[in-house]
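Remember, predicted model here, so these are calculated numbers, not experimental data.
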Number of protein chains: 2
Amino acid sequence: MPDIKHFDPDEALDRVVRLFWEHGAATTSIQAVATATGLNRSSLYATFGGKRELYLAALRRYLRDHSHRAFAFVAEDGRGLPAIREFFAGLIELRCTGPYAGWGCMAVNAHAGGERDDPEVRGLLDDHHERLRGAMCTALLTARSQGDLSPGADVDAAAETLALLAYGVNLRSRAGAEAAGLRRTVDVALGAVGAMGASG
Amino acid sequence: MPDIKHFDPDEALDRVVRLFWEHGAATTSIQAVATATGLNRSSLYATFGGKRELYLAALRRYLRDHSHRAFAFVAEDGRGLPAIREFFAGLIELRCTGPYAGWGCMAVNAHAGGERDDPEVRGLLDDHHERLRGAMCTALLTARSQGDLSPGADVDAAAETLALLAYGVNLRSRAGAEAAGLRRTVDVALGAVGAMGASG
DNA sequence: GGTATCTTGAAATCAACGTTCCAAGAACGC
DNA sequence: GCGTTCTTGGAACGTTGATTTCAAGATACC
């Protein structure tokens, strides 16, 4: 059975991720995808299905390769606050410099666009949020067990705060925010988290 | 000179704001605008210009009527931390309940979509950010002068942190985040701000 | 090597997009 | 009332969107 594709679907999907990541679903045409991947429309449709399925595949891949990976690092790091600090440092670096500078986070972008109207996308975004929150929670619990956090601190709420802070960083990076400013902001915020539960 | 329009451009623009606010620029067609306003395409073009000008006018109006107004309340309130608390309480209320529930903030949405590619839009978003940051800054300085904040606290960085937190709230509200959860998160975060500079 | 099966490329389809054009109509100054 | 000037409704424009179709080409099995 000649089921042999003349291209690598995985490599193609990588380029599709970058397109949707930078420009969003609404402003990325199938033609643009075809041009960027060097593939014909027929091959795209035969391999991935329509535009919706293509975007979903790209989003899933982005979440797996970028978001979930970074979250796992934070949760499994074992150092607590330093892990969170490193997470934000890496995030700001990635968002403000290098090939992905100014693209923000694909999941964050999906929140604000028409993508979130799709129930499937909505589910992925909720899952993404839960994972981010969970990772922060784990790291904060580690910090607390190490005495880096007051025993009375509300870890759940603090984790959610850090998640929302990350969303803010991702968002502002798309408008060209300076890395230095974001670093200082996050530094101060994490300092406040470290001092949390001390008097409030 | 019969320069008499058969409709109220201001009222029409109000509806346009709501359309672009909820759905974004890319996924809102001129046809949809015409239907929502009850106007003919000719009238739209004659009054506002093309789609880009229409979106810009809507964004400017949103910023003036919603964002800047709320920022001014915070800055001029004079109570400091309670004003910030009230700002967030009102924000969460507006984003999670009532006619605009799940729409997020039009400026935040513009960050994540193709709108931010327009230099004019970019300028408005930067201005918006500066105003939000400035308002938080003013309120925090008030708080510090009242002893509600440690004298050693980094007010600038704290203001930016609160701005990013607001972005996060706006973003997650578009995915249907619960008001109660957001309220608790913001409460804890503001408590940490109040305790800021105490040990970090 | 022949054949069945899948991929591929290019053209075709159909709808929706933003925008423009124009005749018809309404309101003001005279 | 008349002419001018603007608004209005509707049709038309050309482009671009996503998706489908189909012949041609390529591959693996026999």
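When side chains are defined from C-beta on, A:Glu160 counts as touching B:Leu182, because their heavy atoms get closer than 4.5 Å.
Under a 4.0 Å N-O distance rule, the pair A:Arg183/A:Glu93 qualifies as a salt bridge.
To the nearest angstrom, P of D:dG17 lies 14 Å from CG of A:Leu44. A:Glu53 has its CD atom 12 Å from the C1' atom of D:dA18, to the nearest Å. Note: OH (A:Tyr55) to P (D:dT19) measures 15 Å, nearest angstrom. Summarising the geometry, the separation between CG on B:Asn40 and P on C:dG18 is reported as 14 Å, rounded to the nearest angstrom. Atom NE2 in B:His6 sits about 13 Å away from atom P in C:dG25, given to the nearest Å. Atoms NZ (B:Lys5) and P (D:dC6) sit 11 Å apart, rounded to a whole Å. A straight line from NZ of B:Lys51 to P of D:dT15 spans 19 Å, rounded to a whole angstrom. Separating the CD atom of B:Gln31 from the P atom of D:dT16 is a distance of 21 Å, rounded to the nearest angstrom.
For the side chain to side chain contact (heavy atoms under 4.5 Å, CB included) test with A:Arg61, the passing option among A:Asp14, A:Val16, A:Leu56 is A:Asp14; the others fail.
When distances are taken from the side chain of A:Ser42 to each of C:dT8, C:dG18, C:dA10, the shortest belongs to C:dA10. Closest approach to the B:Tyr45 side chain among C:dT20, D:dT19, C:dA10 is made by C:dT20 (side chain taken as heavy atoms from C-beta onward). The listed nucleotides are C:dT8, D:dA18, D:dT8; the one nearest the side chain of B:Phe7 is D:dT8. Comparing C:dT19, D:dT8, C:dT8 by their nearest atom to the side chain of B:Ile30 picks out C:dT19.
If you check every strand for non-hydrogen atoms under 4.0 Å, A:Thr28 touches sugar and phosphate atoms only. Heavy atoms of B:Ser29 sit under 4.0 angstrom from primed sugar atoms or phosphate atoms, though from no base atom.
Distances shown here put every side-chain N or O of A:Ser43 at or beyond 4.0 Å from the OP1 or OP2 atom of C:dT7.
Aromatic rings of A:His66 and A:Trp21 (six-membered ring for Trp) have centroids within the 6.0 Å cut-off, being under it.
Taking the nucleotide of DNA chain C with the nearest heavy atom to each of B:Arg41 and A:Leu39, the more 5' of the two is matched to A:Leu39.
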Which side-chain N or O atoms in residues 80-87 of chain A pair as donor and acceptor under 3.5 Å with protein atoms at least two apart or in another chain?
from: A:Glu86; atom 1: OE1; to: A:Arg79; atom 2: NH2; distance (Å): 2.8

